[in-house]
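In the text below, chain A, chain B and the rest are named by the order of the sequence lines, each starting its count at 1. As the structure is a computational prediction, the values presented were derived from the model and not from experiment.
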There are 2 protein chains.
Amino acid sequence: MDVAGGEVALTGAAVGAAKIVVSGAGIDERLLAPLHGLGCRVVSIGRKETPTAQALRHELADAVAYLHGGEEVVSEEALELADGLRVIAFLGIGYETFIDVAAARRRDIVVTNTPGRTTDAVAEFTVGQIINASRRIPRHLGTVYPHWSGAEELPDELVSKKIGIVGLGQIGARIAGILRLGFGCRVSYYNRTRREDQEMTLGVRFRQLAELAEWSDVLVVMVGNAETVGLIDRRVLARVRPGSILVNTARASVVDPEALRDALAGGRLAMAVFDGYYQDSSVAKDLLNDFGDRMYVTGHIASHTKQSMERMVRQAVDSVVNLLSGRPDPNVVIRGHI
Amino acid sequence: MDVAGGEVALTGAAVGAAKIVVSGAGIDERLLAPLHGLGCRVVSIGRKETPTAQALRHELADAVAYLHGGEEVVSEEALELADGLRVIAFLGIGYETFIDVAAARRRDIVVTNTPGRTTDAVAEFTVGQIINASRRIPRHLGTVYPHWSGAEELPDELVSKKIGIVGLGQIGARIAGILRLGFGCRVSYYNRTRREDQEMTLGVRFRQLAELAEWSDVLVVMVGNAETVGLIDRRVLARVRPGSILVNTARASVVDPEALRDALAGGRLAMAVFDGYYQDSSVAKDLLNDFGDRMYVTGHIASHTKQSMERMVRQAVDSVVNLLSGRPDPNVVIRGHI
């Protein structure tokens with residue numbers, strides 16, 4: 001993880017009458033009250049559509065803090081005029097996908113995120129997509145009569161499946177719990193460090209990554225940081241058993257897109273599920289064109305519930321208030337040059 | 001229930017060289033071997049499309065048994081020439097939707113069904129649709145960026161919801177277990193007779209039907225026989241809280257279609273989920289036209305998995321073999337005039 005750890009406090013920031021930019025469509029304005037309490041001007045952007053890099057550059061020019069709750073990418077260019085920007089509070093966990101970390105560091109911008117606030121939202125969404133992919137429910141929506149063309153097309157029951165979870169953090173463990181304790185599936189996991197506590201509580205078994213890929217009927221990816229880019233590569237996907245399902249509701253980049261294309265083309269993977277998709281990859285477009293009916297792609301919505309959004313916004317607002325008030329904040333992930 | 005109960009054996013049937021008709025697309029031919037063992041000619045119909053009443057009438061004219069695994073309705077007309085037909089083995093539970101029970105009785109045809117074979121398949125499908133309806137996943141499939149127009153549109157987490165189950169039979173209890181033990185939802189139920197054993201095991205609470213409707217965020221219908229037609233009527237739907245979700249993966253007819261229309265039109269119901277739809281109702285067509293984006297309708301596929309189909313086919317084949325061999329069968333639901 002790129003997390004600096006510990007607590008950071010900004011000191012001496014000129015906050016009064018400063019501007020705080022808040023982006024994204026799903027934010028309840030009432031939760032922003034503490035920002036107004038700082039004496040700041042709060043400007044919401046991107047409620048209808050994602051701002052362009054140029055518009056963002058313009059908005060950030062006189063901002064002291066920026067609560068990132070949208071889909072916009074904060075590039076070097078977007079930060080070019082942001083000389084007064086002290087804090088970016090990222091709504092969610094995977095800030096590296098949206099924020100140019102090197103650029104933020106160079107400009108001494110402190111970045112925070114909101115871990116642990118989306119566990120139920122992401123776990124429930126992921127289980128829903130596992131059922132959708134296993135049972136092909138979307139294919140049947142809107143049809144009053146079933147359209148099977150033969151017995152060989154009938155899907156397997158979830159209870160008969162072996163589920164492999166890559167990453168047994170808070171969300172991975174919640175998914176494992178729902179599948180084990182609710183549905184009664186067999187569940188194994190891979191994690192950088194073994195979680196013997198969870199093995200006991202949940203009845204799950206540790207396997208090395210390649211072995212897990214080989215064992216699983218459904219492989220669920222629930223890791224994501226700079227170190228796990230491309231973790232699910234050609235070597236791992238070569239071990240996957242024919243007809244299995246890959247569910248990646250963490251970050252697209254954990255799965256190598258070219259290896260994915262080959263696994264879908266070869267028929268080893270029956271289905272691939274993504275929430276949040278590759279941003280700049282021609283292979284990614286080909287994937288949607290060539291395997292559209294075998295890919296369920298959604299736009300980074302797994303964490304989007306009223307409850308998790310409220311928890312995340314409260315935490316991001318707290319971080320902005322803490323840092324602009326010179327207090328330490330526990331959710332700093334990038335501390336600039338400090 | 002219309003179940004005759006007990007066991008019935010046919011005697012004196014002229015079986016040798018007789019014809020057995022098997023309908024439906026999803027049947028693995030290998031499972032039909034015991035029928036061949038009777039010395040019968042086995043004829044599969046409706047593998048590509050549902051046969052017309054006329055085609056069915058023709059096929060049944062010289063049949064001694066009929067394994068019904070398709071979507072065709074067995075009307076008085078379809079049975080008109082079927083003087084030798086002794087047994088209809090229905091694949092599934094809800095035979096009354098597909099078989100003209102009065103006509104079968106008049107002709108002394110014994111009808112069997114296959115209860116208890118689809119529990120996991122139907123429960124998993126139902127939970128999948130509860131998540132789909134709660135989180136509006138189908139709306140987001142195929143979009144790489146989320147399209148929310150505001151915070152008010154964000155869905156609730158499942159764990160925050162109160163789930164009411166109408167009918168705590170085998171499938172209802174399995175759904176309750178997944179939601180309680182897996183997801184951690186609060187679950188209450190209504191059943192004709194209280195199930196204090198399940199209340200203890202699952203941690204669910206009994207409520208009278210109207211009270212359950214009022215209490216629930218998601219109302220799940222898992223009953224279905226001649227007595228429960230229209231059980232979810234205007235009186236029940238009037239008690240439903242605004243924004244709630246109705247999930248009926250049992251039989252369409254349990255929900256009164258006109259009352260449903262009014263509940264959707266008035267906005268009390270946010271979403272309605274059906275698996276298997278009204279067969280002859282102009283209101284039903286209006287519903288799909290007027291509320292298409294708030295109704296998830298599938299064509300009676302909840303029980304369609306490899307595993308449950310195999311269990312059902314084995315049981316239906318057993319019933320045909322038992323009855324044509326003069327042995328009793330435990331799954332008789334209509335015993336003709338006998």
Looking at A/Pro138, A/Ser160, A/Ala121, A/Gly128, which makes the most heavy-atom pairs under 4.5 Å with chain B?
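If we count pairs closer than 4.5 Å to chain B, A/Ala121 comes out on top.
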What's the shortest heavy-atom distance between [X] and [Y], and which atoms?
{"X": "B/Glu157", "Y": "A/Arg311", "answer": "OE2-NH2, 3.1 Å"}
{"X": "A/Thr298", "Y": "B/His140", "answer": "CG2-O, 3.5 Å"}
{"X": "A/Glu124", "Y": "B/Leu158", "answer": "OE1-N, 2.7 Å"}
{"X": "A/Arg174", "Y": "B/Phe183", "answer": "NH2-O, 2.7 Å"}

For the backbone of A/Leu154 and the side chain of B/Lys306, can you confirm whether one donor and one acceptor N or O come within less than 3.5 Å of each other?
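Yes.
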Any sub-3.5 Å donor-acceptor pair from A/Arg135's side-chain atoms to B/Ala302's backbone N or O?
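Looks like yes, one N/O pair under 3.5 Å.
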In terms of heavy-atom proximity below 4.5 Å to chain B, should A/Thr50 be classed as side chain, backbone, both, or neither?
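Contact with chain B involves no heavy atom of A/Thr50 at all.
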Taking the side chain as C-beta and beyond, is there a heavy-atom pair between A/Ile137 and B/Asn132 under 4.5 Å?
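Yes, side chains in contact.
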pair A/Met295-B/Leu141: side-chain heavy atoms closer than 4.5 Å
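Not touching, per the 4.5 Å side-chain cut-off.
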If you count heavy-atom pairs under 4.5 Å with chain A, which of B/Asp156, B/Asp120, B/Ile131 comes out on top?
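Of the candidates given, the most pairs with chain A belong to B/Asp156.
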Return yes when atom CD of B/Gln307 has more than 12 non-hydrogen atoms of other residues, nucleotides or ligands closer than 6.0 Å, and no otherwise.
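Yes, CD of B/Gln307 has more than 12 neighbouring heavy atoms, counting only those of other groups under 6.0 Å.
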Over 12 non-hydrogen atoms of neighbours within 6.0 angstrom of CD in B/Glu49
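No, because the 6.0 Å sphere around CD of B/Glu49 holds 12 heavy atoms or fewer from other groups.
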